[in-house]
Amino acid sequence: MKTVYTLLSLLSSVSAYSDLVVSSLTTHQPNGSPSGQVNYYSIAFTVNSANSNPSASGYCHASWGDNYCAFCNTGVAYSVNVPTGSYISCDSSRANLGDQTSEFGFQLYPYFSIGNFSVSVQQSFTDYASGSAQQVIASGMIHVTNTTAQYTCTINPQEITSATVHASGDCSIPPNQTPYQISLTTTTTACQPASTVQTSFPVTAPTTRGQSVHLTGNISELENWNPANAIPLDADQYTASQDLWNGTVSLPAGIAFEYKYLLRDADGGVRWECCENRRFVVSGFTCGMQTAGKGPDYFRD
Ligand SMILES: *[C@@H]1O[C@H](CO)[C@@H](O)[C@H](O)[C@H]1NC(C)=O
Ligand SMILES: *[C@@H]1O[C@H](CO)[C@@H](O)[C@H](O)[C@H]1NC(C)=O
Ligand SMILES: *[C@@H]1O[C@H](CO)[C@@H](O)[C@H](O)[C@H]1NC(C)=O
Ligand SMILES: *[C@@H]1O[C@H](CO)[C@@H](O)[C@H](O)[C@H]1NC(C)=O
C-alpha cells in the first residue's frame with residue numbers, strides 16, 4: 001500500500017526547546033579474553049526531556065561483541081564493531097515514554113575507546129503547546145571522555161597483542177554529579193487539524209514463504225476483530241536483515257482503539273499474537289504519517 005502526503009512546511013532552526021539531560025550513564029568494557037572468545041561491551045543511559053508534555057524519559061541500552069585487535073599496535077584502549085550509522089530505538093520496555101508520543105533513539109560514534117566516545121540522541125514528539133501543533137525531531141550529541149569530572153572510570157588501558165587481551169574498564173556518572181546536558185537542533189513540521197489521519201502499522205515478524213501478517217482490532221476500520229477480514233500488511237520492505245511487514249490505514253482523528261497482529265499460514269491457519277491487546281490513540285492532527293506503536297513493533301509469539 002502506498003500513500004502520498006505533503007509536508008506542509010519544513011523548517012530547521014536552532015532549538016527553542018530545553019536541553020536533554022543524561023541522568024545516568026554507565027559503560028562496561030570487560031577484561032580481555034584469549035583469542036577466539038568474544039568480549040561484550042555495553043553502554044546504558046537514561047535521557048530525560050522536558051520538551052514533551054507530560055515530560056518523557058527514555059532508557060537506552062546496547063551491547064556488542066569485539067574480539068578484533070584493530071588498534072593493538074598503537075597501545076590504545078579501543079573497541080570496534082560499535083553500533084553506529086543509524087538511530088537505535090531505546091529499550092521501550094524500560095522507557096517511560098510519558099505521553100506515548102515521545103520516542104528516543106541513539107547512536108554511538110567511533111572512534112570509541114574506553115571512557116571516550118560520542119553519543120547522539122534523537123527525540124521525536126508532537127508539540128501541542130504552541131497553539132499550532134508541530135511534529136519535532138530534536139537531536140544533539142555529547143562527547144564523553146574519562147577526563148571530565150562528570151564521568152569516572154576505572155580503566156586498565158593495557159593491550160596485549162599476542163593474547164588479544166583488551167583494555168577494560170567501567171565508567172559511570174557518580175551520584176550527586178551534575179548530569180550531562182545535550183543541546184538540541186530541531187526540525188519541525190507543522191501539523192494541521194484533521195478529520196482522518198494516515199496511520200502506519202509496522203511490525204517485524206519472521207515468516208516463511210506462503211505466510212502473511214495481518215492486522216485487526218476493535219473498530220470497524222480494523223475489521224472488528226474478525227480474523228477472516230483482517231487487513232493484510234505488505235512485505236515490500238522485508239529483507240534478509242529486517243523481517244518487516246507494514247501497512248497503512250486511514251483512521252478518524254482522535255479515535256482510541258485496541259489491535260493485534262496475526263499470522264496466516266498458506267493453508268489459512270491463523271496464529272494470533274500473544275498477550276494483552278495493543279492500544280493506540282490517533283492524534284487530532286496530521287503531520288504526515290502517524291505510526292501505531294513503537295515503530296516497528298515485533299510480533300509477539
Ligand atoms: C578521544 O576521542 C577523540 C575523537 O573523538 C580523539 O581525538 C582523542 O584522541 C581520544 N582521546 C583518548 C584519550 O583516547
Ligand atoms: C583515560 O583513559 C586513557 C585510555 O583511554 C588512560 O590512559 C587514562 O589514564 C585515563 N585517564 C583517567 C583519568 O582515568
Ligand atoms: C510503513 O509504511 C509507511 C507508509 O509507506 C511509511 O511512512 C513508514 O515509514 C513505514 N514504516 C517503516 C518502519 O518502514
Ligand atoms: C476500542 O478500544 C478502546 C481502547 O480500549 C476503547 O476506548 C474504545 O471504546 C473501543 N471501541 C469500540 C468501538 O469498542
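Just so it is clear, the values below take in all heavy atoms, side chains as well, and ignore hydrogens, waters and symmetry mates. When a ligand or atom number is given, it counts from 1 through the structure's own listing order.
Judged as a side-chain hydrogen bond (donor to acceptor under 3.5 Å, both in side chains), and not counting sequence neighbours, the contacts of Tyr180 are Thr148. By the side-chain hydrogen bond (donor to acceptor under 3.5 Å, both in side chains) test, Thr207 pairs with Trp245, sequence neighbours left out. Legend: residues meeting salt bridge (charged side-chain N to carboxylate O under 4.0 Å, His left out) with Arg300, ordered by chain and number and at least two apart, are Glu273, Glu276.
Near Thr248, meaning under 4.0 Å from any of its heavy atoms, are these atoms of ligand 3: 4 (C).
Between Asn48 and the options Ser24, Ser55, Ser23, a side-chain hydrogen bond (donor to acceptor under 3.5 Å, both in side chains) holds for only Ser23.
Aromatic pair Tyr259/Phe257: ring centres closer than 6.0 Å. Centroid-to-centroid, the aromatic rings of Phe201 and Phe280 stay 6.0 Å apart or farther.
Residue-environment remark: CG (Asn176) stays at or below the threshold of 12 foreign heavy atoms within 6.0 Å.
Residues Ile231 and Leu251 fall within the same hydrophobic cluster, defined by Ile, Leu, Val, Met, Phe, Trp and Tyr side chains chained together at heavy-atom separations under 4.5 Å.
Considering both main-chain and side-chain atoms, Asn246 comes within under 3.5 Å of ligand 3 through a nitrogen or oxygen pair.
For ligand 4, the protein residues placed under 4.0 Å by at least one non-hydrogen atom are Asn218, Ala256, Phe257, Glu258, Arg279.
Contact between Leu244 and ligand 3 is present, with at least one heavy atom of the residue lying under 4.0 Å from the ligand.
For Gln237, every heavy-atom contact with ligand 3 shorter than 4.0 Å involves the side chain, none the backbone.
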